[in-house]
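Before any comments, here is the structure.
Order of listing sets the numbers, starting from 1, for every ligand and every atom in it. Worth knowing before you read on, the calculation uses all heavy atoms, side chains too, and leaves out hydrogens, waters and symmetry mates. Residues take their numbers from the sequence shown, with the count starting at 1.
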Amino acid sequence: MSRTDSDLLAEIATAQGTPTYVYSARSLEAATLRWVEAAGDAERIFFAAKANTNLAVLRRLCGTGIGIEVATAGERARAERAGFPADRILLGGVPKSADVVVQGMGSGLGLVVLQAGHEVDAAVSAADPAHPTRIGVRVRPGIRAGAHPSLETGRTDAKFGFEPADVADIWSRLAATGGLEPEVLAVHLGSGIDSLEPWDRALDVLLELADGLAASGVPVREFDLGGGLGVDYSSDVDPDPAALIHGVDRRLLGTGLCSRFEPGRSIMARAGLLLTRVLYRREREGTPALVCDAGFTDFARFALYGAQHRIEAVAGSPAGPPTVDVLGPTCESGDVIGTGRSLHDVQPGDLLVVRDVGAYGFVMASNYNSRPRPAEVMLENGDFRVVRERETLEDLWRGEPTT
Ligand code: LLP
C-alpha cells in the first residue's frame, strides 16, 4: 500500500468511522473494460447485480455501456434507478417468484431467463403478443465447478434450471405462445471457477441441445454463459476474461450462434476493500488474535465459505510469522474474517484492510446483533465520496411500531 493510499484510508476512517467499504471507480471501470475489450462489444456483458448493488457503483457500470443481470424485483429497481434502460436489463435465470416473471413480461426487458416450471407457466400466462419478450431457458448441464460446494450451481443435484432432456418440450411450448420469443439457452455453472474447462463441457451440452432444437423450427440464437470467472484472492493477478471469451468464440465460429456473459465477482471484487479498526488483541491457546470492529455481519465470506482474503495493516504489515487470526466482535466463535495472517505487530486502534471485497461484501451484510451496516465510500479522482451512509440506530427499527 503506497503512502498516499494509507493517508487517504486513514482520512476515510477518521471522517466516516469503521467498518467502511471503500470502492475504487477506476478499478471497477478497468475490470469492466477488460470484459468489453475481450468481447468486442459492451452489449455482450451483463454485470451480475447480486455482487454489488450500490447505486453509485451501478451508475459507473451503466456508464461503460454494459448491461445488467438482475435476479429480484429489488435488483431490477436498483438497476432502473441507476439508469439502466430496460433493454439492457436481463432478468436472470435464478429462482424467481411468478410475480417477478409476470412483471418482466412485455415490459421491454432485454431478456428473461426461465429456470423452473412455475416460471414457464407465469411467462406463458402473462405473454402479450403486442409486446413480445425475448426468452432464455436455463439448462442444468450436470457439471461440477465453483470454489465451494455452496457455489456450484450446474451440478445434476442443483436446484437451478432444467435437465437437458426436458428442454425440447419447454422450448416448443414457449415457441407456440404468442408474445414469447425463445432465443437463448443459458447456464451458470458456479462461482469462483479457476479453469476454463467447465465452460468447454457446458458448450458440448448446449451445442447438442441447439442442434436438436433447430428441428423445432425456432432455432437457438444465443448462449448465455453466466458468470463464475474466479478471482485469485491471494494475489494481485487479475482475472482474464479474454481467454474465456475467445475460447467460447472459437467454438461458436461457423455456428451462427452468439454468446453473452454475466460476470459479477471478476468485475467488482478487486474494486473494493473493507476498512476496519482493531479493538484489542488476545491470546487464543497460544495463537494471538486481533478482534476488530468488522464482523461476519459486515463481511461473511470467511464464515460462509472459508474464503481467505488478504488482510493488511494500513500502516504496513510486517512479513512472516508469527501469525494471527482476525476476528469480528459479535457473540459467536464463528465470527472470523481471516486466519493465519502476518499482522503480529498490529496494535489496538490500528487500521486493517480486507482486500478484494467489492463483490459479495456489503450485499451480504446483515443487522445481526443490531449492528448498523457499514458506510460505503467511492474513491474518485484522488478523493472520496460517501455513496451510502452508515446505518443509524433509527434505521434498525424502521417499519416497527416504536410504542
Ligand atoms: N449469473 C447468475 C445466474 C448467477 O447466479 C451468478 C452468481 C452470476 C451470474 C455471477 O457470478 P460471478 O461472476 O459473480 O461468480 N455469495 C457468493 C457468490 C454467489 C454467486 C451466486 N450467483 C460468494 O460470496 O462467493
Would you list the pairs meeting ring-ring contact (aromatic ring centres under 6.0 Å, His included) in which at least one residue belongs to residues 309-343, sequence neighbours left out?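 Non-adjacent pairs meeting ring-ring contact (aromatic ring centres under 6.0 Å, His included): Tyr233-His309, Phe299-His309.
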
Considering only heavy atoms, which protein residues lie less than 4.0 Å from any atom of ligand 1?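 Shell around ligand 1 (4.0 Å, heavy atoms): Ala48, Lys50, Glu69, Val94, Arg138, Leu151, His188, Ser191, Gly227, Gly228, Glu262, Pro263, Gly264, Arg265, Arg301, Tyr305, Tyr360, Met364.
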
Taking only residues two or more places apart in sequence, or in another chain, which ones meet Pro288 in a side-chain contact (heavy atoms from CB on, under 4.5 Å)?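 So Pro288 forms a side-chain contact (heavy atoms from CB on, under 4.5 Å) with Arg281, Glu283, Val324.
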
Flag the pair Glu43 and Arg260 as a salt bridge only when some basic side-chain nitrogen lies within less than 4.0 angstrom of an acidic carboxylate oxygen.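 No, no charged N to carboxylate O under 4.0 Å.
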
Strictly below 4.0 Å, N to O, side chains only: are Arg173 and Asp121 in salt-bridge contact?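 Yes.
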
Check: Ser191 main-chain N/O paired with His148 side-chain donor or acceptor under 3.5 Å: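 Absent.
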
Qualifying residues under salt bridge (Lys or Arg N to Asp or Glu O under 4.0 Å), relative to Glu80, sequence neighbours excluded: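 So Glu80 forms a salt bridge (Lys or Arg N to Asp or Glu O under 4.0 Å) with Arg76.
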
